[in-house]
Protein chains: 2
Amino acid sequence: MELSNKKTAEMFKAVCDENRIKILKLLQGGEKCACVLLDDLHITQPTLSHHMKILCDSEIVVGRKEGKWMYYSISPEGADRAISVFRALTDVHGQGDCCCKE
Amino acid sequence: MELSNKKTAEMFKAVCDENRIKILKLLQGGEKCACVLLDDLHITQPTLSHHMKILCDSEIVVGRKEGKWMYYSISPEGADRAISVFRALTDVHGQGDCCCKE
DNA sequence: TTGACAAATAGAAAATCGTGAATATAATAT
DNA sequence: ATATTATATTCACGATTTTCTATTTGTCAA
């Protein structure tokens, strides 16, 4: 998983906001259309649209347009990718080194 | 892994900033003292201190004081916890439901 | 084509975040 | 005790983010 630091930061922005976390929890129940999400969150439609854009940009959520409705769902592949990126960023491959004392 | 949405958001703030991602990458080489991190990043000491606080609050990084030096390292347990929280937030346990069309 | 509805975009206000200068605290050395 | 060094905290400022209102775009039904 090679990703620029910028892209990595963007990816995890998905889970850095309480409303987006709520949205993810709602989507765990399966694909939902935007209007349903809107009913469950106390935010306006443009605000939801903004958050969905961030979630889709992270690729953890995918959107599907059907007529005038947008359906959103969690992408298991996207979620796995995020976990891979997180792992690649947090496993320790060294012993550390001493610097200040000797 | 039960965590409030607020706590979850805080946890992933660790990986939402490019400098913090750089810091994690440096810590993958093992425990480092703050002064070494400071040398490798083009930020001031108070800024580093600020980022280290966010990283430690997320519990992905732990700090250890030794004399006047602070040593930081990645906590594998903290990283695993973050992955568990992320998983708990992104696995899909439902089929979704239809709302707008029938 | 017109009207109605869903979602996206533009623009602006408010809140949050990242940053550095100045200062404070803590630990060591003289 | 005083000086020095490493880190943390405080404060202020600019940048970014979240949010809203207003508007636009896209789609379907009369």
Side-chain angles (χ1 to χ4, degrees), chain A residues 5-24 26-27 31-58 61-73 96-102, chain B residues 4-24 26-27 31-58 61-73 97-102:
Chain A
N5 293 347
K6 196 176 163 70
K7 285 277 172 197
T8 301
E10 265 169 33
M11 167 174 264
F12 289 104
K13 283 215 176 84
V15 277
C16 277
D17 175 87
E18 290 193 56
N19 275 319
R20 290 194 288 272
I21 290 170
K22 281 187 206 166
I23 292 167
L24 284 171
L26 289 168
L27 294 181
E31 186 180 68
K32 297 252 180 334
C33 114
C35 56
V36 171
L37 297 173
L38 198 51
D39 282 341
D40 287 330
L41 301 161
H42 299 171
I43 55 177
T44 61
Q45 178 270 319
T47 299
L48 176 64
S49 189
H50 164 77
H51 287 305
M52 296 322 294
K53 180 157 172 43
I54 290 170
L55 285 166
C56 290
D57 285 350
S58 78
V61 168
V62 288
R64 177 173 70 81
K65 189 167 190 165
E66 192 174 314
K68 48 184 168 174
W69 295 291
M70 273 304 292
Y71 289 87
Y72 293 102
S73 54
D97 38 59
C98 185
C99 62
C100 300
K101 53 158 189 176
E102 56 276 332
Chain B
S4 70
N5 293 345
K6 196 177 164 69
K7 284 277 173 196
T8 302
E10 266 169 32
M11 167 175 263
F12 289 103
K13 282 214 178 83
V15 276
C16 277
D17 175 86
E18 291 193 56
N19 276 319
R20 290 194 288 272
I21 291 170
K22 280 187 205 166
I23 292 167
L24 285 171
L26 289 168
L27 294 181
E31 185 181 68
K32 296 251 179 336
C33 114
C35 57
V36 171
L37 296 173
L38 198 51
D39 282 341
D40 287 331
L41 300 160
H42 300 171
I43 56 178
T44 61
Q45 178 271 319
T47 299
L48 176 64
S49 189
H50 164 76
H51 287 306
M52 295 323 292
K53 180 158 171 41
I54 290 170
L55 286 166
C56 290
D57 285 350
S58 78
V61 168
V62 288
R64 176 173 71 82
K65 189 167 191 164
E66 193 175 314
K68 48 183 170 177
W69 295 289
M70 273 302 293
Y71 289 87
Y72 293 101
S73 55
D97 37 60
C98 185
C99 61
C100 300
K101 52 157 188 178
E102 55 275 336

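Proteins come first, then strands; the chains are lettered A, B, ... in the order of their sequence lines, and each starts at number 1. All of these numbers come straight from a predicted model, not from anything done at the bench.
- When the side-chain nitrogen and oxygen atoms of A:His51 are compared with OP1 and OP2 of D:dT17, none of them lie within a distance under 4.0 Å.
- Taking 4.0 angstrom as the limit, A:Lys53 places none of its side-chain polar atoms (N or O) nearer than this to OP1 or OP2 of C:dA8.
- No salt bridge links B:Glu18 with B:Arg20; every basic N to acidic carboxylate O contact stays at or beyond 4.0 Å.
- A donor-acceptor contact shorter than 3.5 Å is absent between the side chain of A:Lys32 and the backbone of A:Tyr72.
- One atom, CD1 of A:Ile43, and another, P of C:dA14, lie 20 Å apart when rounded to the nearest Å.
- As judged by a 4.0 angstrom heavy-atom cut-off over every strand, A:His50 is placed among the base-contacting residues.
- Minimum interatomic distance between A:Asp17 and B:Ala9 (heavy atoms only, all atoms of both residues): N-CB, 4.0 Å.
- Using a 4.0 Å heavy-atom distance criterion, A:Leu48 is classed as making no nucleic acid contact.
- Here the options are A:Leu38, A:Asp40, A:Asp39, the test is side chain to side chain contact (heavy atoms under 4.5 Å, CB included), and the partner is A:Val36; only A:Asp40 passes.
- If you check every strand for non-hydrogen atoms under 4.0 Å, A:Leu38 touches nothing.
- For the pair B:Lys13 (side chain) and B:Ile54 (backbone), a donor-acceptor distance under 3.5 Å is absent.
- As a whole-Å value, the separation of B:Lys68 NZ from D:dA6 P is 6 Å.
- Between the CH2 atom of B:Trp69 and the P atom of D:dT4 there is a distance of 17 Å, rounded to whole Å.
- Distance CZ (B:Arg64) to C1' (D:dT7): 15 Å, rounded to an integer number of Å.
- Atom-to-atom, CD1 of B:Ile54 to P of D:dA8 comes out at 13 Å; the value is rounded to the nearest Å.
- Nearest-nucleotide assignment on DNA chain C puts the 5′-proximal partner with A:Ser49, out of B:Arg20 and A:Ser49.
- Computed from coordinates, the A:Lys22 NZ to D:dT19 C1' distance equals 14 Å when rounded to whole Å.
- A:Leu37 comes within 4.0 angstrom of no nucleic acid atom, judged by non-hydrogen atoms across all strands.
- The nucleotide whose nearest atom lies closest to any side-chain atom of B:Asp17 is, among C:dT9, D:dA8, C:dT19, C:dT19.
- Nearest to the side-chain atoms of B:Met70 among the listed nucleotides C:dA21, D:dT7, D:dG26 stands D:dT7.
- Of the possible donor and acceptor atoms, one in the side chain of B:Thr8 sits under 3.5 Å from a partner among the backbone N and O of B:Ser4.
- Side-chain proximity of B:Tyr72 to C:dA6, D:dA6, D:dA8: nearest is D:dA8.
- For the pair A:Asp57 CG and C:dA8 C1', the interatomic distance rounds to 13 Å; values are reported in whole Å.
- Nearest-nucleotide assignment on DNA chain D puts the 5′-proximal partner with A:Asn19, out of A:Pro46 and A:Asn19.
- Regarding contacts with the backbone of C:dG20, a side-chain N or O of B:Thr47 is found under 4.0 angstrom from either OP1 or OP2.
- With hydrogens and angles ignored, a donor-acceptor pair under 3.5 angstrom links the side chain of A:Gln45 to the base of C:dA8.
- Each of C:dA26, C:dA7, D:dT7 was ranked by its minimum atom distance to the side chain of B:Lys65; first place goes to C:dA26.
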